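Structure record follows, encoded as structure tokens.
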Amino acid sequence: MAFDAVLLEALYWATLALTVWALADAVIRPAPNYEAAGKLTKPAWAAITALAAVVLYLSGPMTFLGLPAVIAAVVYLVDVRPAVRGVQRGNSPW
């Protein structure tokens, strides 16, 4: 197996794992936290990350739709996830 084939295979599985992680995280976060953080709703982010995972599974990251799918997952993990996690519960300052 050539080096470039191994590299593309590793890139495929790494990006697929990244999008599945983003999907799982989007599903487990409470819905009110998304709105409190000023982001799209939970169903919207769950749908975006699910679509990204399906696109990457079917076509891979080095395609016309694969790159936007990777970008969507990265945007969720870098921007949305920290904002949603940072929303405090209740009236406690801690």
Side-chain angles (χ1 to χ4, degrees):
M1 200 169 194
F3 175 74
D4 57 344
V6 172
L7 186 63
L8 286 175
E9 188 74 17
L11 182 65
Y12 171 79
W13 288 109
T15 56
L16 188 61
L18 183 85
T19 56
V20 170
W21 175 32
L23 173 61
D25 191 78
V27 169
I28 66 168
R29 300 287 169 203
N33 288 11
Y34 287 88
E35 292 159 11
K39 303 297 179 183
L40 289 176
T41 62
K42 178 179 180 170
W45 277 110
I48 290 168
T49 54
L51 182 62
V54 169
V55 166
L56 284 175
Y57 178 74
L58 294 177
S59 66
M62 300 301 288
T63 61
F64 180 69
L65 294 176
L67 185 59
V70 172
I71 291 170
V74 169
V75 165
Y76 175 81
L77 291 172
V78 172
D79 181 44
V80 178
R81 182 175 185 258
V84 172
R85 285 179 64 195
V87 174
Q88 294 182 351
R89 295 182 183 163
N91 294 331
S92 173
W94 306 103

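Values in this document were obtained by computation on a predicted structure and should not be read as measured data.
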For this session: Give a yes or no on whether the backbone of Pro30 and the side-chain of Lys42 come within a donor-acceptor separation of less than 3.5 Å.
Result: no
Problem set entry | Residue list, side-chain hydrogen bond (donor to acceptor under 3.5 Å, both in side chains) with Tyr12, at least two apart or on another chain | none
Single-linkage hydrophobic cluster, 4.5 Å side-chain cutoff, [X] and [Y] together:
{"X": "Val78", "Y": "Leu16", "result": "yes"}
{"X": "Leu51", "Y": "Val75", "result": "no"}
{"X": "Leu11", "Y": "Leu7", "result": "no"}
{"X": "Ile71", "Y": "Leu77", "result": "yes"}

Heavy-atom closest pair, residues [X] and [Y]:
{"X": "Thr63", "Y": "Gly66", "answer": "OG1-N, 3.0 Å"}
{"X": "Ala37", "Y": "Ala83", "answer": "CB-O, 3.7 Å"}
{"X": "Ala69", "Y": "Ala52", "answer": "O-CB, 3.5 Å"}
{"X": "Val27", "Y": "Ala46", "answer": "CG2-CB, 4.4 Å"}
{"X": "Ala72", "Y": "Trp45", "answer": "O-CZ3, 4.1 Å"}
{"X": "Val84", "Y": "Tyr34", "answer": "CG2-CD2, 3.7 Å"}

For this session: Taking the side chain as every heavy atom from C-beta outward, state whether Ile48 and Leu40 have any atom pair closer than 4.5 Å.
Result: yes
Exercise. Out of curiosity, Thr15 OG1 to Leu67 CG, how far, rounded to the nearest 0.5 Å?
Worked result: 10.0 Å
Problem set entry | Any pair counted as salt bridge (Lys or Arg N to Asp or Glu O under 4.0 Å), so long as it reaches residues 72-81, sequence neighbours left out | Asp25-Arg81, Lys39-Asp79
Problem set entry | Option among Leu56, Val74, Leu23, Thr49 that satisfies the side chain to side chain contact (heavy atoms under 4.5 Å, CB included) test with Leu18 | Val74
